[in-house]
Amino acid sequence: MLKIGIVGLSQVGKTTLFRILTRAHGNLSAGRPEAHVGVVHVPDPRLDRLIEMYKPKKGVYATVEYVDTPGSVIDLARTGSQAQLLREAGALAHVVRVFEEATIPPPGGSLDPHRDVENVELEFILSDLAQVEKRLERLDKDIKKQKDAALEKEYQVLQACRVTLERQVPLREAGLSAEDERTIRGFTFLSLKPMLYVLNLGENDAARANAAEEFAHDAGLKQRPHTAAAAVCGKVEAELAELPEQEAGEFLASYGLRESAIARLIRASYKLLGLISFFTVGEDECRAWTIRSGSTALEAAGEIHSDIQRGFIRAEVVKYEDLVAAGSLAEARSRAQLRLEGKEYVVEDGEVVHFRHSG
Ligand SMILES: Nc1nc2c(ncn2[C@@H]2O[C@H](COP(=O)(O)OP(=O)(O)OP(=O)(O)O)[C@@H](O)[C@H]2O)c(=O)[nH]1
Ligand SMILES: [Mg+2]
């Protein structure tokens, strides 16, 4: 499963966010408060609706995994053994301190979200650059000894990476092709990882948590490729996670909020990982399955079971909106909204799929 690493400078609210995520939407294994990996359900109003429609015995949401990392991400990146925590993550959620709290000194001595983001980015760039240069040196020697197409390709991609990094631009903005990315995948470059900026707001700003983009803009964070912004108020969300559902609405309203910002944050990180959901429906189970965007029907079948993939005949596909409007698969079929697709069909987010298979 793809993990999202929760990172940031020290004392910015990483662990607080991790606890909120796993308490409100997941299962931080009971009795293991020290656990720092948590599986979190991805809230999805479409699946809510399908469950209402089918009233199945079981509803299963998509999940993502979050990893809390200790202390400052800058120290982590510099400590070889700890850097593994960062390298294993498919995407990073960078918690940025915006909240004021007299008793907790802010990173860098003053509150400056923009500076904190730039500092962490620079650290990633330097770490990647060191790796690139070391490898290029090695390749230079090897290629001189013996001509090798694969090594030359790697050399060429790493040269392009070096030029980008020397301009202090992260690799996720280097415009690498999918093939280039495959060539350098083994390096797990930090500045290549998709990044979610999580602005941790103070209570006075809580009402703005649902307008993260605007807030990010004000904080001087431009919208950059393969990044997204979310804002939460850690303190408010932590209290919210303790409340019974009936009281939650009133509590949110007292801060000028309509809904918890956490659902939005989880969906943003899911999307940033390049993941989409397709659904299967039935009286036994309605379920959201996770695939990478661009996956074929055959790959989607394999996500459910290798037997279904092996015996694949056809995928019956209907758009979520069409199924909901029709009210049932039978009615969608009679409206000719149910399509039969083959192995190579690229499944889209939100499609409801039924696999016809042999065996
Ligand atoms: N006022 C306020 N305090 C917060 C908020 N979020 C976290 N804190 C406090 O900030 C302190 C640090 O929070 P943590 O979640 O432990 O921060 P961290 O980033 O995990 O810290 P390290 O792992 O030690 O780097 C704690 O005392 C929290 O109660 C917030 O939104 N508002
Ligand atoms: Mg912590």
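Both ligands and their constituent atoms are indexed starting at 1 by order of listing.
Ligand 1 lies nowhere less than 4.0 angstrom from a heavy atom belonging to Val95. Residue Gly8 places every heavy atom at 4.0 Å or more from ligand 1.
A donor-acceptor pair shorter than 3.5 Å cannot be found between the side chains of Arg287 and Tyr61. One side chain, Tyr270 or Ser277, offers a donor N or O that lies under 3.5 Å from an acceptor on the other.
Residues Glu88 and Leu86 fail the side-chain proximity criterion, which asks for heavy atoms closer than 4.5 Å. Side-chain atoms of Glu154 and Leu139, non-hydrogen and from C-beta on, do get closer than 4.5 Å to each other. Residues Val40 and Thr63 are not in side-chain contact: their nearest non-hydrogen atoms beyond the backbone lie 4.5 Å or more apart.
Between Asp349 and the options Lys319, Arg46, Lys271, a salt bridge (Lys or Arg N to Asp or Glu O under 4.0 Å) holds for only Arg46.
Distances from atom 10 (O) of ligand 1 to the heavy atoms of Val232, Val12, Ile104 put Ile104 nearest. Selection from Leu17, Asn200, Thr15 by nearest heavy atom to atom 6 (N) of ligand 1 gives Asn200. When Thr16, Thr103, Ile20 are checked for heavy-atom proximity to atom 14 (P) of ligand 1, Thr16 turns out nearest.
Per-residue contacts place Glu101 under 4.0 angstrom from the following atoms of ligand 1 (heavy atoms of the residue considered): 1 (N).
Gln11 OE1, 3.7 Å is the protein heavy atom nearest to atom 12 (C) of ligand 1. Among all non-hydrogen protein atoms, the one lying nearest atom 8 (N) of ligand 1 is Phe99 CZ, 3.6 Å.
If you look at the Mg ion (ligand 2), the protein N, O or S atoms less than 2.8 Å from it are Thr15 OG1.
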